[in-house]
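The first residue in the sequence is number 1, and the count goes up from there. Computed from a prediction, not measured in an experiment: that's the story for all the values here.
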Amino acid sequence: MDVSKKVNELIKRFNTSNVRELADYLDISIEYQDFKAKTLDSRIMIMNGVGYIFLRNNLNELYENFLIAHELGHYILHYDKDISFNFLRRIYKTRLEKEANEFACVLLLHDELDNIKNIENIEFIVKEKGIPLKIWYSIQSCINTY
């Protein structure tokens, strides 16, 4: 799957890479929730074709942006009119989760991708974008091929 192409098409279509604006354009509501599961930070639910992103309350704003980008990845890459995905910390090894993580990283690092191989302080930039380093390291080899 060409994740980079999907991200570029999305940004071109709506003329923004802002995750909250993209969710708005796609008519996906973003709501906050207290999840009972301690490792659950976000969820996307698509019911009857309508998307809802739920975020754990009181998270860092940058990390929230990553979670929204991740859930948008599921929406764009894995859409079905009735489906849901949960973002569980420490569990992102399935193909679908890796694709959503790659989508999120490409979207959040969109402006840096052309020169990413030459950036010396990439970990700083990655953290500044809200991307957990463990996730970055797990998909970095995919991004380095762009």
Are a donor atom and an acceptor atom from the side chains of Glu99 and His74 found within less than 3.5 Å of each other? no
With a 4.5 Å cut-off on side-chain heavy atoms, are Val126 and Leu133 touching? yes
Does Phe103 have its ring centroid less than 6.0 Å away from the ring centroid of His70? no
Side-chain donor-acceptor pair present, Asp41, Tyr63, cut-off under 3.5 Å: yes
Tyr52 side chain to Glu71 side chain, donor-acceptor N/O pair below 3.5 angstrom: no
Whether the side chain of Asp24 engages the backbone of Arg20 through a donor-acceptor N/O pair (distance < 3.5 Å, no angle test) should be reported. no
Looking only at atom types and distance, does a side-chain atom of Asn121 sit under 3.5 Å from a main-chain N or O of Phe124, one as donor and one as acceptor? no
Less than 4.5 Å apart, any side-chain heavy atom of Met45 and any of Val50? no
Donor-acceptor under 3.5 Å (Arg56 side chain, Leu40 main chain): yes
Considering only heavy atoms from C-beta outward, does the side chain of Ile68 approach that of Ile30 to under 4.5 Å? yes
Phe66 and Pro132, any side-chain heavy atoms less than 4.5 Å apart: yes
Evaluate the ring planes of Tyr25 and Phe14, with Trp represented by its six-membered ring, and classify them as parallel (under 30°), tilted (30 to 60°) or perpendicular (over 60°). parallel
Do Ile53 and Ser29 touch side chain to side chain, with heavy atoms closer than 4.5 Å? no
Do Phe85 and Ile83 have side-chain heavy atoms sitting under 4.5 Å apart? yes
Do Leu67 and Leu62 sit in the same hydrophobic cluster, where Ile, Leu, Val, Met, Phe, Trp and Tyr count as joined when their side-chain heavy atoms come under 4.5 Å apart? no
